[in-house]
Amino acid sequence: MALHFFNTYSRALEKFAPRHPPNVSMYTCGPTVYSNAHIGNFRAYIFEDLLQRHLEMRGFKVHRVMNITDVDDKTIRGAREAKISLNAFTEPFKRGFFEDLDTLRIKRADEYPGATEPHYLARMIEMIAELIKRDLAYQAEDKSVYFRINKFPEYGKLAHLNLEELRPTGRVRSDEYEKENIGDFALWKAWDEEDGDVGWDSPWGRGRPGWHIECSAMSTALLGDQLDIHCGGVDNIFPHHEAEIAQSEGVTGKKFVRYWMHCAHLLVDNQKMSKSLGNFYTLRDVIAKGYSGREVRYALVRVHYRVQLNFTFDGMEESRQALTRKSRQALTRIDEWLERLRETSASQKARGTPGPTDDFQRVLDDDLNISGALGVLFESIRETNRAMDANELGATAAKAWLQWWDEINRVLALDAVETVALPSEVEALAEARRLARLAKNWQKSDELRSELNARGWEVRDTKDGQKITRRVGPEP
RNA sequence: GGCGGGGUAGCCAAGUGGUAAGGUCGCGGUCUGCAAAACCGCUAUUCGCGGGUUCGAUUCCCGCCCCCGCCUCCA
């Protein structure tokens with residue numbers, strides 16, 4: 001099966017064909033920097049990371065943009081409460097966001113435009129002016145500028161919503177009488193007292209951009225009028241992405257996005273995360289409980305992106321076990337396997353056994369079927385381990401498997417961190433234990449093993465002697 | 001009410017019109033001085049429920065039940 005993705009717009013699996021192969025333009029909705037991002041946010045970013053990495057493995061050259069929303073109600077409120085400037089308020093969260101991306105081994109996008117950058121504000125204003133010129137937007141009595149959805153018949157197509165049947169949910173501000181239609185959304189929000197010193201001048205007076213227009217402006221500025229892929233969480237489908245289509249196509253007259261891809265929500269203990277339920281976790285919260293970024297990455301990537309993922313700490317334990325097989329072992333199941341493969345590849349063994357296939361990649365081609373792909377990985381590990389146990393894996397095959405791992409790991413990014421060097425006192429204890437074992441002094445040997453354990457090191461005896469590894473804790 | 005996603009072993013989770021990947025947990029075994037790792041074996045006659053189509057359905061169709069999410073600025 002060739003590469004296929006599920007397109008939210010058509011609600012169907014479609015063969016992937018970018019406009020200008022091998023180039024792929026990809027826009028992903030980024031964070032609003034008013035706090036540290038939570039694990040639900042990262043589920044989306046990891047899905048996008050998997051998507052980018054798989055595309056790259058398949059030979060595409062991905063140009064990816066992720067916006068940073070650094071002005072909105074929440075950032076303004078936060079800055080006001082902290083009595084600091086908007087920029088001073090958002091800056092630490094921006095920095096924290098990039099640190100978190102590194103923790104999770106998420107590849108950097110090519111650009112991270114910010115909504116308050118003058119260049120993009122200018123473009124937003126330009127787009128809004130064009131929409132007004134085309135009668136697709138109007139300035140209301142409250143001085144804000146709104147998009148006129150009645151003039152854009154396509155509005156609602158992405159979400160498959162019949163706008164007449166929308167229920168009021170109480171989340172619509174009742175004071176927005178000024179709008180012609182309840183569904184009209186703000187392109188430019190007129191300044192009010194709550195905004196304090198946050199605001200920019202525009203042809204419609206002082207104010208700030210609406211959330212949706214920022215994405216339309218930055219995506220088209222950096223990627224052109226037509227994008228290959230646009231991603232986000234399902235909650236962005238409506239109204240955010242619907243609005244983006246209306247604004248962008250309203251200005252350019254061209255089809256905005258070819259493939260819309262949305263990931264399902266992450267649940268915690270089967271409920272949506274919320275602070276009041278006490279099931280709200282930032283990435284930092286989970287790391288603070290002793291899990292490594294790699295373990296969190298695995299836990300968030302292992303379930304297909306269109307299925308809701310239920311996050312639990314039992315699931316975190318399971319992820320740890322899947323990677324390491326033994327919770328206190330630092331050497332992972334995968335590393336152990338790689339080490340054996342390296343030894344085998346350096347040997348003179350010439351016996352032929354089947355080498356790797358491209359099953360992993362083929363399974364991912366089917367709308368990023370990660371569970372199937374991981375199944376291929378674990379089966380491969382078991383089969384090659386079995387062959388090595390039986391002394392039946394040749395050096396050439398071992399080399400091929402190592403190469404295979406390098407390839408799939410460019411997508412998974414699940415390799416362990418570098419092995420740390422043994423401190424001298426650990427080295428000394430290990431040497432003493434080696435000598436005790438040589439003398440078959442098992443009591444002494446076990447005492448020394450306990451001593452090493454107590455110092456945070458794990459000892460395993462293999463036919464090649466003892467192996468000392470650091471116990472798993474937070475990633476160094 | 002509308003729009004989505006899902007109900008597969010204790011738990012997590014793929015998948016196919018021909019009779020259930022993988023992970024985790026548990027038990028037994030090979031190996032080991034003991035452990036660990038690795039490997040082997042066992043653990044769903046069955047895929048929410050009821051009909052239908054079919055030689056055959058978990059997979060297709062119809063109806064129903066349950067869970068979760070979205071419905072105007074939450075990834």
Side-chain angles (χ1 to χ4, degrees), chain A residues 8 11 28-32 37-48 69 72-74 149 156 159-169 171-173 176 182-186 189 210-212 214 231-240 242-243 262-267 270-274 298-299 302-304 306-310 312 314-315 317-323 325-326 328-329 331 333 336-337 340 363 369-379 381-383 385-390 437 440-443 445-446 449 458-463 466-467 469:
Chain A
T8 308
R11 300 283 154 88
T28 51
C29 286
T32 300
H38 58 68
I39 52 176
N41 297 316
F42 286 111
R43 199 246 169 141
Y45 305 144
I46 283 183
F47 142 64
E48 290 152 3
T69 299
D72 80 320
D73 291 349
K74 289 189 284 272
I149 61 169
H160 294 217
L161 286 181
N162 180 344
L163 299 172
E164 258 92 79
E165 291 174 3
L166 286 187
R167 259 191 186 182
T169 60
R171 285 173 66 180
V172 187
R173 278 172 50 187
E176 292 186 340
I182 189 76
D184 289 353
F185 55 88
K189 295 183 156 191
W211 179 40
H212 314 304
E214 107 184 37
C231 317
V234 287
D235 51 321
N236 279 159
I237 296 173
F238 192 85
H240 185 53
E242 201 73 70
H262 295 93
C263 79
H265 271 135
L266 174 120
L267 305 177
N270 267 316
Q271 301 270 191
K272 190 171 170 175
M273 261 193 285
S274 79
Y298 180 86
R302 65 205 258 246
V303 175
H304 189 264
R306 283 193 291 117
V307 176
Q308 285 170 340
L309 165 60
N310 187 26
T312 61
D314 282 347
E317 275 307 310
E318 188 189 319
S319 296
R320 167 171 286 181
Q321 295 295 86
L323 291 168
R325 272 296 166 85
K326 182 79 178 99
R328 283 155 46 217
Q329 289 286 329
L331 254 195
R333 177 183 195 192
E336 185 79 19
W337 172 68
R340 293 185 74 188
V363 170
N369 180 356
I370 188 67
S371 303
L374 288 170
V376 172
L377 169 64
F378 287 118
E379 266 182 289
I381 291 177
R382 182 158 42 75
E383 278 165 24
N385 271 333
R386 186 194 297 145
M388 287 188 282
D389 278 356
R437 295 180 60 72
K440 294 203 187 299
N441 185 345
W442 306 127
Q443 198 190 334
S445 165
D446 290 350
R449 180 164 61 193
E458 201 69 24
V459 184
R460 291 169 31 232
D461 297 308
T462 73
K463 65 179 182 339
Q466 54 183 355
K467 294 201 171 166
T469 49

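Letters A, B, ... mirror the listed sequences (proteins, then strands); counts begin at 1.
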Using the [atom1] atoms only, state how far [M] lies from [N], rounded to an integer number of Å.
| N | M | atom1 | result |
| --- | --- | --- | --- |
| B/C40 | B/U19 | P | 23 Å |
| B/A13 | B/G50 | P | 24 Å |
| B/C60 | B/A14 | P | 16 Å |
| B/U43 | B/A20 | P | 13 Å |
| B/C42 | B/G63 | C1' | 40 Å |
| B/A44 | B/C31 | P | 28 Å |
| B/C62 | B/G26 | C1' | 41 Å |
| B/C3 | B/A9 | P | 30 Å |

What is the distance, rounded to the nearest whole Å, between atom [atom1] of [X] and atom [atom2] of [N]?
| X | N | atom1 | atom2 | result |
| --- | --- | --- | --- | --- |
| A/R460 | B/A38 | CZ | C1' | 9 Å |
| A/N310 | B/G7 | CG | P | 13 Å |
| A/F378 | B/C39 | CZ | P | 11 Å |
| A/H265 | B/G5 | NE2 | P | 15 Å |
| A/R320 | B/C12 | CZ | C1' | 17 Å |
| A/E242 | B/C70 | CD | P | 17 Å |
| A/D72 | B/C73 | CG | C1' | 8 Å |
| A/R306 | B/C70 | CZ | P | 19 Å |

- A/E242 versus A/A159, closest heavy-atom pair with distance: OE1-N, 2.9 Å
When all nucleic acid strands are considered with a 4.0 Å heavy-atom cut-off, which category describes [X]: base, sugar-phosphate, or nothing?
| X | value |
| --- | --- |
| A/A186 | base |
| A/I237 | nothing |
| A/H262 | nothing |
| A/R437 | base |
| A/N41 | base |
| A/G315 | nothing |
| A/E379 | sugar-phosphate |
| A/H160 | sugar-phosphate |
| A/D446 | base |
| A/R302 | sugar-phosphate |
| A/S445 | base |

- Taking for each residue the nucleotide of RNA chain B with the nearest heavy atom, is it A/Q271 or A/V363 whose nucleotide lies nearer the 5' end? A/V363
- Closest-nucleotide 5' rank along RNA chain B - winner of A/I39 and A/K440: A/K440
Is the phosphate of [N] approached by [X] (side-chain N or O, under 4.0 Å from OP1 or OP2)?
| X | N | answer |
| --- | --- | --- |
| A/N270 | B/C67 | no |
| A/N385 | B/C39 | yes |
| A/Q321 | B/C25 | yes |
| A/K74 | B/C74 | yes |
| A/R11 | B/G4 | yes |
| A/R449 | B/A35 | no |

- Side-chain donor/acceptor of A/D184 to backbone N/O of A/I149, under 3.5 Å: yes
- Query: Are the side chain of A/R302 and the backbone N or O of A/L374 linked by a donor-acceptor pair below 3.5 Å?
  - Reply: no
Assess whether a salt bridge exists between [X] and [Y], defined as any Lys/Arg side-chain N lying under 4.0 Å from an Asp/Glu carboxylate O.
| X | Y | value |
| --- | --- | --- |
| A/R460 | A/E336 | yes |
| A/D72 | A/K189 | no |
| A/D461 | A/K467 | no |
| A/R449 | A/D446 | yes |

Taking only the side-chain heavy atoms of [X] (C-beta and beyond), determine which of [options] contains the nearest atom.
| X | options | value |
| --- | --- | --- |
| A/R340 | B/A37, B/G33, B/A38 | B/A38 |
| A/L267 | B/G69, B/C71, B/A13 | B/G69 |
| A/D461 | B/A14, B/G33, B/A38 | B/G33 |

- Message: Tell me whether the rings of A/H212 and A/F185 are parallel (<30°), tilted (30 to 60°) or perpendicular (>60°).
- Response: perpendicular
- Query: Do A/K272 side-chain and B/C68 base share a donor-acceptor contact under 3.5 Å?
  - Reply: no
- Taking a pair as Watson-Crick or G-U wobble with both distances under 3.5 Å, which nucleotide is matched to B/G4? B/C68
